[in-house]
Amino acid sequence: AGMPSLQQEFQVGMRNVYEVAVQRGYHATHFKEMLDRYGGVPAARRLLAGANAHSDLVMLYKLGLLAYSAEALVIQPRFAPLFSEAELQEARRRLDELGYFKGRR
């Protein structure tokens, strides 16, 4: 099948987001359901469009796992082409609110 597509790579990344949280005792059930139902990129788009996804992000923040959030995945330069500018801005805004970029700039 050759190289995995960018979409497939993103899907793997999203699954990793879930697995890492589970290892820390946080089961993001809703996140997992969306991932299984829609696939990585569509699930991320829905997360960015919805307001309720914020609770997952805050939980990851409390666990010190912001770097493993869907939002952090979305803004990785190699995955950015999969999303609209508005979606990228929303992901950055959410991460910024939680201080993700402090000391990273």
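Heads up: numbering here begins at 1 and tracks the sequence.
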(message) Restricting to non-hydrogen atoms, name the atom on Ala67 and the atom on Ala72 that form the minimum distance, rounded to 0.1 Å.
(response) O-CB, 3.6 Å

(request) Report the residues that fulfil salt bridge (charged side-chain N to carboxylate O under 4.0 Å, His left out) with Arg92, sequence neighbours left out, ordered by chain and then residue number. (result) Glu85

(message) Nearest 0.5 angstrom please: Leu57 CG to Leu66 CG, how far?
(response) 5.5 Å

(message) Could you work out, with side chain to side chain contact (heavy atoms under 4.5 Å, CB included) as the rule, every residue matching Ala28, not counting sequence neighbours?
(response) Tyr18, Tyr26, Phe31, Asp56

(request) Decide whether Tyr38 and Val17 are clustered together by the hydrophobic rule: side chain heavy atoms of Ile, Leu, Val, Met, Phe, Trp, Tyr closer than 4.5 Å, transitively. (result) yes

(request) Identify, with sequence neighbours excluded, every residue that meets salt bridge (charged side-chain N to carboxylate O under 4.0 Å, His left out) alongside Glu87. (result) Arg45

(request) For Glu33, enumerate each residue passing the salt bridge (charged side-chain N to carboxylate O under 4.0 Å, His left out) test, keeping only those at least two apart in sequence or located in another chain. (result) none

(message) Quick check for you: to the nearest 0.5 Å, what is the distance between Met14 atom CE and Ser69 atom OG?
(response) 10.0 Å

(message) My understanding is that only residues two or more places apart in sequence, or in another chain, count here; which of them pass side chain to side chain contact (heavy atoms under 4.5 Å, CB included) with Val20?
(response) Asn16, Leu65, Tyr68

(request) Please report the shortest heavy-atom distance between Leu60 and Ala21, naming the atom on each side. (result) CD2-CB, 3.9 Å

(request) Applying side chain to side chain contact (heavy atoms under 4.5 Å, CB included), name anything that partners Phe79, two or more places apart in sequence or on another chain. (result) Leu6, Glu9, Phe10, Leu73, Gln76, Leu82

(message) Working note: Phe83 + Ile75, criterion side-chain contact (heavy atoms from CB on, under 4.5 Å); need CA distance, chi angles, decisive distance, verdict.
(response) CA-CA 9 Å; Phe83 299 95; Ile75 65 167; over 6 Å; no

(message) For Glu97, is there an ion pair with Arg94 - N to carboxylate O distance below 4.0 angstrom?
(response) no

(message) Measuring from atom NZ of Lys62 to atom CG of Leu98, what distance do you get when rounded to the nearest 0.5 angstrom?
(response) 10.0 Å

(request) Could you walk me through whether Gln8 and Val41 pass the side-chain contact (heavy atoms from CB on, under 4.5 Å) test, one step at a time? (result) CA-CA 9 Å; Gln8 284 169 317; Val41 173; over 6 Å; no

(request) Any chance you could measure Leu47, atom CG, to Glu71, atom CD, to the nearest 0.5 Å? (result) 6.5 Å

(request) Would you confirm whether Arg46, through its side chain, and Met34, through its main-chain N or O, come within 3.5 Å as a donor-acceptor pair? (result) no

